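Accompanying notes for the structure given below.
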Amino acid sequence: MAESGAEVRIGVDIGGTFTDIVLERGPERITAKVLTTPDAPEEGVRQGLAQAMVSCGAVPHEVALVIHGTTLATNAMIERKGARTALITTEGFRDSIEMGTESRFEQYDIDMEKPVPLVPRQWRSPIPERLNASGDPILPLDEAAVEATAARLAADGIESAAIGLLHSYVNPAHERRVRDILREALPDLAITLSSEVAPEMREYERFSTACANAYVQPVMARYLRNLEDGLREAGFTCPLFVMLSGGGVADIGTAIRFPIRLVESGPVGGAVFASHVARQCGLDRVLSFDMGGTTAKICLIDDAQPQTTRAFEVARAHRFLKGSGLPLRIPVIEMVEIGAGGGSIAVVDRLGRIAVGPESAGAQPGPACYGQGGTEPTVTDADLAMGRIDPAEFSGGRIVLDGQAASDALSSAIGTPLSLEPQMAALGVSEMVGENMAGAARVHAIEIGATLGERTMIAFGGAAPLHAARLAEKLDMDRILIPSAAAVGSAVGFLRAPVAYEVVRSAYQVVSAFNPELTNRVLEEMRDEAAAIVARGEPGAPTREHRSAYMRYLGQGHEVVVPLPNRTWAREDTAIIREAFETAYEALYGRIIPNLDLEIVSWSVGVSAVPEAVAFIDPSPEAAAPPERGVRPVLDPGSGRVVEATLYRRADFTPGARVDGPALIVETDTTTVVSTAFAASVDALGAIVLERRPPQGEDA
């Protein structure tokens, strides 16, 4: 995002365990990490802002902008704490959001339970009306039925309504008329149109997205307005932006209108952060590894661009099982998320195996070692018992850890049932977490046709530097990069994201009957819609546009994303479209199907402010190793033995300095574990670079 006159810029990331604050003023960067306050998230923000502002010596009127990422929308759906919501839909389709696609995410589980719809059946109102697939009216809208529905909504105390009518993505006239009637009768009702939030074919996914947006809209509107008002009362006069799931940021008005686009906004900041680091270092193949207090997120980044998708699930009945959640059709950076954070709870399951997550101790009570009443062992407890963490310097000494409490929790829940000493129980927990993350990364790579071995891992989040080396060993990766401010990487990513917005719309065509006039009109309308939202966030900024199409072979059921050039299309341009599709299809599936017609299901247009240029860094010359700060016994998971790890402070490293593992590189908010398999150095940007050492007996 371009500078806007004032010198201070702030990123705020509210996580499940910690709230991270990053304050930048020119080259100066101040960070703060405080425990999240779940009952009042803005209180944690206030505490973190106060710490960062005092450290920087800044005052509120110097702040140019605040960018915020939150999981509040996701949590509201998972915890079912959204608004009392109704669905107005075409007669005969009242149960579409409950029937879904009739697929089973667990084929042979007779007790399988699908997620309960956000809108219960008694608040789903069918309305006589019908459009055909071309958007032509078959049955006119029954306005009297809409008026009767409005009266029922008022009587039931409905706060928000989703309007999802059949084929409205082609012709939204009926949906808009229903909205107008409801707004006249119920002026305080929040209203979501499926033709605006997800104008694409497939009514189940479209209706589900509209219901989810309506469900969280009042909650998010109150939260965002309260946060904005709180900043104003504290003296901040700058604009407040919000991180979107697709990797851009938008103004508060857009966030309140489409809050469903805020799901995963915190983790997405991490992917943007890793992409920025990849550009700085000239890395074209990257695995982004973000491990915080509650979850771990893995994302593949090619040519400094994270993988993206339009299909996302939330509120899964089985948290990490694809197909078990409520589908959303929104632009989102594609990543795999698993319950493997520092606060993830370890247990022994019914088969006598160590299992970790997805349940988390969160910020309250937190891991047993926090001394806040937690008694169940977590990953952080295991890291402490293995010697990876200095209990007196955790979180810069703001939280003094209780090693005995960690050992007691590990013994009680893991060690005693499995006849293991506390340290070996900790090793079991750590190894299980590593295998969970490695397995998730392998599956994700296979699903999108990628490989991992030649990639560089960019590790960030408070817990990632502790586990990155072991994860790289499991994935046969030879290089790890731990950027500066790694512990608050997502919040830094917010400050690197441009103001951007993506519009997706269904405009079905068969390529053999390509209609360039329709295509050009639709793309221009989409560009104008996206550009208007970007202009509200950053008026006058230069922008860039990217276009793509969701295509498939005729008769197939799923599409692939096909990047397309920005141009005015003509009838003879179908060869360009076919070539682009075949390139994308072959990259994903390894082959093409000759002489088969193509379908264009949807179009995508994204507009973003042009980000600041990123300068590449030159390799640093060799420098003297930093002073040793002592040694600490650490349990090495590779050998299962205790080794003496040399202690270093990150601030003591100069660019080009190199040390061999085993070592621990300590900083305020995290510690980097350098295993015996790696050596560590620091580059010109202050990033720690771990590179695999040759096996003993081989030449370097």
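If you're wondering where the values come from, they're calculated on a predicted model, not measured in any experiment.
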Side-chain donor-acceptor contact under 3.5 Å, [X] with [Y]:
X      : Y      : answer
Thr308 : Glu334 : no
Gln509 : Thr519 : yes
Tyr508 : Glu599 : yes

Who passes salt bridge (Lys or Arg N to Asp or Glu O under 4.0 Å) against [X], sequence neighbours left out?
X      : answer
Arg285 : Asp302, Asp303
Glu529 : Arg505
Asp290 : none

Using a strict 4.0 Å threshold on nitrogen-to-oxygen distance, state whether [X] and [Y] make a salt bridge.
X      : Y      : result
Arg521 : Glu517 : no
Lys297 : Glu337 : no
Glu473 : Arg470 : yes

Can you sort out the partners of Asp13 under side chain to side chain donor-acceptor pair (under 3.5 Å), two or more places apart, ordered by chain and number?
->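 Scan of Asp13 (side chain to side chain donor-acceptor pair (under 3.5 Å), adjacent residues dropped) gives none.
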Below 4.5 Å, heavy atoms only, C-beta onward: do [X] and [Y] meet side chain to side chain?
X      : Y      : value
Leu495 : Val22  : yes
Pro327 : Tyr204 : yes
Ser604 : Tyr550 : yes
Thr209 : Ile330 : yes
Leu287 : Ile298 : yes
Ile600 : Val511 : yes
Glu205 : Glu200 : no
Leu481 : Pro483 : yes

Is it true that Phe289 and Phe460 have ring centroids separated by less than 6.0 Å?
->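 When the ring centroids of Phe289 and Phe460 are compared, they turn out to be at least 6.0 Å apart.
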Determine whether more than 12 heavy atoms belonging to other residues, nucleotides or ligands lie under 6.0 Å from atom CD of Glu454.
->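 Atom CD in Glu454 is crowded, with more than 12 foreign heavy atoms closer than 6.0 Å.
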Review item, side-chain donor-acceptor pairs of residues 557-570, under 3.5 Å, at least two apart:
residue: Glu559; atom: OE1; partner: Arg202; partner atom: NH1; Å: 3.2
residue: Glu559; atom: OE2; partner: Arg202; partner atom: NH1; Å: 3.4
residue: Glu559; atom: OE2; partner: Arg202; partner atom: NH2; Å: 2.7
residue: Glu559; atom: OE2; partner: Arg552; partner atom: NH1; Å: 3.0
residue: Asn566; atom: ND2; partner: Glu545; partner atom: O; Å: 2.7
residue: Arg567; atom: NH2; partner: Asp573; partner atom: OD1; Å: 3.3
residue: Arg567; atom: NH2; partner: Asp573; partner atom: OD2; Å: 3.3

Side-chain donor-acceptor distances from residues 253-272 under 3.5 Å, at least two apart:
residue: Thr254; atom: OG1; partner: Asp251; partner atom: OD1; Å: 2.7
residue: Thr254; atom: OG1; partner: Arg536; partner atom: NH2; Å: 2.8
residue: Arg257; atom: NH2; partner: Glu196; partner atom: OE1; Å: 3.3
residue: Arg261; atom: NE; partner: Tyr501; partner atom: OH; Å: 3.4
residue: Arg261; atom: NH1; partner: Glu502; partner atom: O; Å: 2.7
residue: Arg261; atom: NH2; partner: Glu502; partner atom: O; Å: 2.9
residue: Ser265; atom: OG; partner: Thr70; partner atom: N; Å: 2.8
residue: Ser265; atom: OG; partner: Thr70; partner atom: O; Å: 2.8
residue: Ser265; atom: OG; partner: Leu262; partner atom: O; Å: 3.3

